[in-house]
Number of protein chains: 2
Amino acid sequence: MKLQLQIKMNEALFIRNPESSELGKKILKHSVQLIYKSGFETFTFKKLAEDIGTTEAGIYRYFENKHKLLIYLTAWYWGWLEFQISFHTNNIKKPTEKLKRIIKLLATAVEDDEKTSYLNESLLHQIIISEGSKAYLTKQVEEDNKKHFFKPYKDLCAAIGIIISECSPKYKYPKSLASTIIEMAHFQNFFMNNLPSLTDFGNKKEESEIIDFLNDLVFTSLKKI
Amino acid sequence: MKLQLQIKMNEALFIRNPESSELGKKILKHSVQLIYKSGFETFTFKKLAEDIGTTEAGIYRYFENKHKLLIYLTAWYWGWLEFQISFHTNNIKKPTEKLKRIIKLLATAVEDDEKTSYLNESLLHQIIISEGSKAYLTKQVEEDNKKHFFKPYKDLCAAIGIIISECSPKYKYPKSLASTIIEMAHFQNFFMNNLPSLTDFGNKKEESEIIDFLNDLVFTSLKKI
DNA sequence: TATTAAATGATAGCATTACTATCATATATA
DNA sequence: TATATATGATAGTAATGCTATCATTTAATA
């Protein structure tokens, strides 16, 4: 039996549900590949259509524009990651141990998950690193936020914040520390690979170093109390 | 006597030096206003030209494209900020005190500096918060980096890293901590104002809270050693 | 002051992007 | 077999992202 992990997506993110048809799934799959390969700025629906072997109009039946598609992909990723986290920290009692595993999951290149054949999580992880923040760094944040487009991200952040508070009930900035961990897990990775002098990981370029850094950052903050 | 602060800019960032002419200065001034007002995505050279009262072709004589202009503005800001920092931490002996002042400078909305009439630092600070990371989150990072476009940012980061090491010579991640401080000074600000549930500052929405958070984050990391 | 160079203005044009609309055809479902 | 539904094919339009040309103004310099 093959398990199918279905992530419930916000319906306002798409015009037609891409998970409901073959073309829709192709759109998701190929958009991840294309954005990964050439970046979000040069990515167009025309190129995507050519890549798939359909027409531009075909894509527009699913997504209003490429920004919505990016939000969709990031939202999907955060939803998927929260599932991964709850799966991998299940049965673990110690909140500090939970937090450590979360940091590891955030900072580790994921391997492609067979359960979702149309979305390559490994490439998606790279997209989150390079393009993820562009989903919300816009003038429409407020509007998009009202439509709950960032709920998966906020949920994940809230969940991590709660675990931080379990580790250290008196710590004053659980939510900010949570968003810092998430963002830095990705930014330090981007810096390590592209602007290495902004990090201390330029020589080995290993994710384990980012994990060590984040653990140090988090647990000294929490231990002192 | 009015002091003129001149920041030496990388010549590969522009076609014609915008600081060398009236139109050039107008381009800088109005681009900051326009990007601040409607965001980088919807910003075009056509709109900028109309705003200034010149033509599109006129703008293209100064900047190759809007991405170069964004890099120019961010580079200028980092250069300006490093000057502010060296100015405000001058004569201070204690590295911890230096670091505190730096954090404050990073996280505080600046007031417009009369010395540079064509660039509004206050708006520029807001642009850095919302658009700054888009300067390097592209597929051309490597290429742009080779041309030293990010030198001011890297210099600032390096300078902060050195002070961190002075505070705590054995601390293992001075550069990553420095880039974390810089990025988080801005991201926590953006979150506070746009996605407040990602922070612990949603009620008061005051910069002082971000400063407190960063101080806590940094000095617990450094103290324990 | 005349001469020349540099900067700007005005206009045109072209390929790509970002869509929207329409009609035909294939495919599933009732 | 009728009928939705999804896709394909094609067209078209406004805006974007440029490049090129020539005229005119302004500034430098001889």
Side-chain angles (χ1 to χ4, degrees), chain A residues 9 11-31 34-35 37-73 118 131 134-135 138-140 143-144, chain B residues 9 11-31 34-35 37-73 118 131 134-135 138-140 143-144:
Chain A
M9 297 299 294
E11 306 226 329
L13 277 173
F14 49 76
I15 295 165
R16 186 175 298 172
N17 190 342
E19 287 180 297
S20 73
S21 74
E22 281 315 305
L23 179 59
K25 285 173 191 170
K26 272 191 200 162
I27 290 173
L28 297 179
K29 187 190 179 87
H30 287 79
S31 66
L34 266 187
I35 295 172
K37 204 173 132 211
S38 355
F40 186 65
E41 276 70 36
T42 60
F43 170 78
T44 68
F45 277 3
K46 182 119 189 266
K47 290 176 190 164
L48 176 58
E50 277 160 15
D51 199 52
I52 293 174
T54 182
T55 58
E56 231 184 324
I59 316 285
Y60 278 105
R61 289 192 185 109
Y62 284 85
F63 289 99
E64 202 184 321
N65 53 49
K66 70 173 187 171
H67 187 242
K68 285 264 166 64
L69 174 54
L70 179 66
I71 298 181
Y72 181 97
L73 293 174
Y118 52 93
E131 324 286 355
K134 293 170 194 169
T138 70
K139 279 287 162 186
Q140 324 104 277
E143 200 184 324
D144 288 349
Chain B
M9 297 298 294
E11 306 225 329
L13 277 173
F14 48 76
I15 295 165
R16 185 175 298 173
N17 190 341
E19 288 181 296
S20 72
S21 74
E22 281 315 305
L23 179 58
K25 286 173 191 169
K26 272 191 200 161
I27 289 172
L28 296 179
K29 187 189 178 87
H30 288 77
S31 66
L34 266 186
I35 295 172
K37 203 173 132 208
S38 356
F40 186 65
E41 275 71 36
T42 60
F43 169 79
T44 68
F45 277 3
K46 181 119 188 267
K47 290 176 191 166
L48 176 59
E50 278 159 16
D51 199 51
I52 293 174
T54 182
T55 58
E56 229 184 326
I59 316 284
Y60 278 105
R61 288 190 186 110
Y62 285 84
F63 289 99
E64 202 185 319
N65 53 50
K66 71 173 187 170
H67 187 243
K68 286 264 166 64
L69 174 54
L70 178 66
I71 298 181
Y72 182 97
L73 294 175
Y118 52 94
E131 324 286 355
K134 293 171 193 169
T138 70
K139 279 286 163 188
Q140 324 104 278
E143 201 184 324
D144 289 348

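Quick note on labels: first sequence line is chain A, next is B, and so on, each numbered from 1.
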Residues Glu41(B), Lys134(B): salt bridge by 4.0 Å N-O rule = yes

task = Quick one: label Glu64(B) by what it contacts on the DNA or RNA (base, sugar-phosphate, nothing), any heavy atom closer than 4.0 Å.
result =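 If one applies the 4.0 Å heavy-atom cut-off, Glu64(B) turns out to touch the sugar-phosphate alone, with no base involved.
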
Could you state the [atom1]-[atom2] distance from [X] to [N], rounded to the nearest angstrom?
X	N	atom1	atom2	value
Glu50(A)	dT17(C)	CD	P	9 Å
Ile59(B)	dA10(C)	CD1	C1'	14 Å
Ile15(A)	dA21(C)	CD1	P	11 Å
Glu41(B)	dG17(D)	CD	P	11 Å
Phe45(A)	dT20(C)	CZ	C1'	14 Å
Arg16(B)	dA5(C)	CZ	P	16 Å
Lys66(A)	dT17(C)	NZ	C1'	9 Å
Arg61(A)	dC23(C)	CZ	P	14 Å

inquiry  = For the NZ atom on Lys139(A), are there more than 12 heavy atoms of other groups (residues, nucleotides or ligands in this structure) within a distance under 6.0 Å?
reply    = yes

message = For Lys46(A) and Ala57(A), find the nucleotide of DNA chain C closest to each by heavy atoms; which residue's nucleotide sits nearer the 5' end?
response =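 Checking each residue's closest nucleotide, the 5'-ward one belongs to Lys46(A).
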
N or O in side chain of [X] less than 4.0 angstrom from [N] OP1/OP2:
X	N	result
Thr55(A)	dG8(D)	no
Tyr62(B)	dT8(C)	yes
Ser21(B)	dT8(C)	yes

task = Using distance alone, with no hydrogens and no angle criterion, decide if Ser31(A) and Tyr72(A) have a side-chain donor and acceptor under 3.5 Å apart.
result =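 Note: Ser31(A) and Tyr72(A) side chains miss the donor-acceptor criterion.
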
query = Between atom CG of Leu23(A) and atom CZ of Arg61(A), what is the distance when rounded to the nearest 0.5 Å?
reply = 9.0 Å

